[in-house]
Enquirer: 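One structure is given below, represented as structure tokens, and several questions about it will come after.
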Amino acid sequence: MTRYTELAERFGTPAYVYDLGRVAAAKRDLFAALPEELHLFYAAKANPHPELVREMCGGEGRGCRPEISSVGELAAVLEAGADPADVLYTGPGKTEEELAEALTHGVRLFSVESPGDLRRVGAVADRLGVIADCLLRVNSASATASTSIRMTGVPSQFGFDSETLPALRDELVGVAGTRVAGAHFFPLSNAKDEASLIAEFRHTIGVAAQLQEELGIPFRFLDIGGGFAAPYAVAGERPVYGTLRAALAESLDAHFPGWRTGAPRVACESGRYLVGDSGTLLVGVVNLKESRGRRFAIVDGGINTFGGMSGLGRILPVSVEPHGTDAPPEQIASLVGPLCTPGDILGRDIKLPALAPGDVVAVPNAGAYGPTASLLMFLGRPAPVEVVVRGDEVLSASRIQHTRGYEYGRGTR
Ligand SMILES: *Cc1c(COP(=O)(O)O)cnc(C)c1O
């Protein structure tokens with residue numbers, strides 16, 4: 001029996017296993033790849049499990065600051081013991097209710113994505129008698145690196161268009177309840193290699209310096225974004241960024257001479273790099289069948305458990321490692337989930353070992369964009385169990401609960 005079949009037997013499947021040792025290693029590696037003056041935000045979106053957030057923001061060595069985009073994520077990072085003063089709140093559709101909750105809990109740093117967004121932050125902060133530091137999120141007119149997930153240089157709900165931002169200066173400064181503290185960039189996810197990541201950061205730093213000049217507002221804070229890559233649901237290792245640190249320092253020296261002493265304070269952000277390889281998804285084989293010459297392995301967790309974002313064309317195909325069978329890959333079959341939709345496919349015509357009902361297969365590198373990025377509620381199955389380990393030690397097992405709570409009518413309590 002392997003470790004994974006043991007855990008599958010003990011906790012059932014589908015199950016995520018997260019190893020905090022790997023979270024700590026990823027955090028250490030990314031901090032080491034950055035100049036030591038830089039802050040690092042952890043995008044809770046990638047995995048808001050409180051124990052992972054606790055490891056990320058506390059734990060051994062330097063801690064990340066939490067980046068959140070909802071009151072649910074706020075609750076998760078507060079549960080994990082994060083200091084609200086460290087939090088960055090982002091997103092293009094922040095409501096007054098959400099802002100009031102965040103501000104009341106002590107969050108003071110916001111990324112704002114439009115003049116209306118800034119005014120709304122200001123209105124709520126002013127009502128509460130506090131000042132919110134606002135980073136203007138910038139959608140640069142141009143970009144460099146190639147990636148599958150690009151969020152800049154195109155019309156977007158995210159950020160101010162860089163070419164028209166300076167003209168908004170007077171509208172943006174002096175909004176009661178706010179202080180324009182600097183800029184926030186997030187041009188891409190999952191850069192294809194270190195060279196393209198560096199090129200994108202250089203570009204961002206250059207655009208930031210130009211905007212600071214054009215706006216005439218000295219930046220106190222500059223978030224240059226991310227793009228740190230990680231394998232997703234396929235075998236492989238996190239990239240090692242060996243030249244990034246020096247390249248970033250050089251580019252910041254050229255454009256922001258005071259950055260080493262906090263003028264501005266500079267930050268990067270990451271989700272997938274920090275948690276991707278900490279997670280393994282275990283699914284159990286329920287049925288095998290053939291249809292018109294094609295084989296299907298039906299497992300107990302599909303897009304309700306993992307890959308609900310596969311509609312975006314990002315993640316297929318997964319690869320699996322057999323556990324509970326020693327057989328090497330020897331057949332081409334589709335790995336499908338149990339849901340009543342033909343879209344419930346984890347991998348179409350992928351290499352699979354000879355499987356039998358009851359076998360467990362593991363999807364590696366599944367620690368980012370797992371349960372909370374899936375169609376958890378669809379077809380009403382329980383959420384997967386999430387088992388947190390550190391090496392051989394099992395620390396907890398939990399499950400996201402979803403049950404109906406009536407707010408009106410039958411069932412009201
Ligand atoms: C999603 C997101 C991240 C995290 O992206 P990764 O590719 O997981 O590193 C960081 N910042 C912002 C603004 C995001 O929207």
Side-chain angles (χ1 to χ4, degrees), residues 23-44 53 55-68 77 82-90 107-111 133-138 140 145 179-188 191 194-195 197-213 215 217-229 238-271 273-274:
V23 173
K27 178 175 74 159
R28 193 172 56 233
D29 289 351
L30 193 48
F31 269 117
L34 300 173
E36 63 189 356
E37 293 85 353
L38 260 61
H39 291 212
L40 179 57
F41 285 105
Y42 170 56
V53 176
E55 183 71 27
M56 200 69 74
C57 299
E60 241 176 73
R62 291 186 62 191
C64 295
R65 299 175 57 169
E67 176 169 334
I68 60 168
V77 305
D83 181 349
D86 284 340
V87 169
L88 169 61
Y89 200 119
T90 70
V107 176
R108 289 292 178 270
L109 186 61
F110 294 82
S111 169
D133 277 319
C134 293
L135 305 178
L136 305 175
R137 179 151 173 189
V138 179
S140 299
R179 193 159 49 181
V180 174
H184 173 209
F185 293 75
F186 190 72
L188 84 169
E194 185 171 22
L197 183 66
I198 288 173
E200 189 77 35
F201 277 132
R202 283 202 174 112
H203 180 74
T204 293
I205 292 165
V207 172
Q210 192 189 333
L211 276 174
Q212 176 180 246
E213 173 85 29
L215 284 164
I217 304 170
F219 290 170
R220 289 184 295 115
F221 203 101
L222 174 62
D223 182 342
I224 57 176
F228 308 103
R238 272 186 286 114
V240 175
Y241 295 122
T243 60
L244 177 63
R245 187 183 166 109
L248 278 175
E250 186 195 309
S251 181
L252 287 166
D253 280 339
H255 292 285
F256 291 93
W259 74 279
R260 289 176 192 272
T261 51
R265 184 156 290 161
V266 181
C268 284
E269 48 192 58
S270 173
Y273 186 95
L274 290 166

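In this chain, residues are counted from 1 in sequence order. Note: hydrogens, waters and symmetry copies are ignored here, and every other heavy atom, side chains too, is used.
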Enquirer: Show the nearest heavy-atom pair for residues Ser111 and Leu88, with the distance to one decimal.
Expert: N-CD1, 3.8 Å
Enquirer: Check Val266, Ile198, Ile224 against Leu248 for a side chain to side chain contact (heavy atoms under 4.5 Å, CB included) and give me the one that passes.
Expert: Ile224
Enquirer: Whether the side chain of Lys27 engages the backbone of Gly63 through a donor-acceptor N/O pair (distance < 3.5 Å, no angle test) should be reported.
Expert: no
Enquirer: Please check: side-chain N/O of Tyr241 versus main-chain N/O of Leu34, any donor-acceptor pairing under 3.5 Å?
Expert: no
Enquirer: Would you mind listing every side-chain hydrogen bond (donor to acceptor under 3.5 Å, both in side chains) that reaches into residues 242-253, with sequence neighbours excluded?
Expert: Glu194-Thr243, Asp253-Trp259, Asp253-Arg260
Enquirer: Side-chain contact test, heavy atoms from C-beta onward, threshold under 4.5 Å: evaluate it for Cys57 versus Val77 and give yes or no.
Expert: no
Enquirer: With heavy-atom distances below 4.5 Å as the criterion, would you say the side chains of Thr90 and Phe186 are in contact?
Expert: no
Enquirer: List the atom of Ile68, the atom of Ala44, and the distance in Å for their closest heavy-atom pair.
Expert: CG2-CB, 4.3 Å
Enquirer: Strictly distance-based, threshold 3.5 Å: is any side-chain N or O of Arg62 a donor or acceptor partner for the main-chain N or O of Glu36?
Expert: yes
Enquirer: Could you pull out the closest heavy-atom pair between Phe219 and Leu222, with the gap in Å?
Expert: CD1-CD1, 4.4 Å
Enquirer: So how far is it from Leu109 CG to Tyr89 OH, rounded to the nearest 0.5 Å?
Expert: 13.0 Å
Enquirer: With a 3.5 Å distance limit and no angle check, can you tell me whether Arg65 reaches the backbone of Asp86 through a side-chain donor-acceptor pair?
Expert: yes
Enquirer: Which residues satisfy the salt bridge (charged side-chain N to carboxylate O under 4.0 Å, His left out) test with Glu67, sequence neighbours excluded?
Expert: none
Enquirer: Measure the OG-CD distance between Ser140 and Glu200 for me, rounded to the nearest 0.5 Å.
Expert: 7.5 Å
Enquirer: Taking side chain as C-beta onward, heavy atoms only, is Ile205 less than 4.5 Å from Leu252?
Expert: yes
Enquirer: Return the minimal non-hydrogen interatomic distance between Cys64 and Leu274, and the atom names on each side.
Expert: SG-CD1, 4.1 Å
Enquirer: What I'd like to find out is whether the side chain of Val180 reaches to under 4.5 Å of the side chain of Leu215, using heavy atoms alone.
Expert: no
Enquirer: Quick check for you: to the nearest 0.5 Å, what is the distance between Tyr42 atom OH and Glu55 atom CD?
Expert: 11.5 Å
Enquirer: To check you understand the geometry: which heavy-atom pair defines the closest contact between Gly226 and Leu188, and what is its length?
Expert: O-CD2, 3.6 Å
Enquirer: Centroid separation under 6.0 Å, is that true for the rings of Phe31 and Phe228?
Expert: no
Enquirer: Are Glu269 and His184 close enough that a side-chain donor and a side-chain acceptor fall under 3.5 Å?
Expert: yes
Enquirer: Write down the atom of Ala247, the atom of Arg202, and the distance for their closest heavy-atom approach.
Expert: CB-NH2, 3.8 Å
Enquirer: When the ring planes of Phe221 and Phe41 are compared, do they come out parallel, tilted or perpendicular, using 30° and 60° as the limits?
Expert: tilted
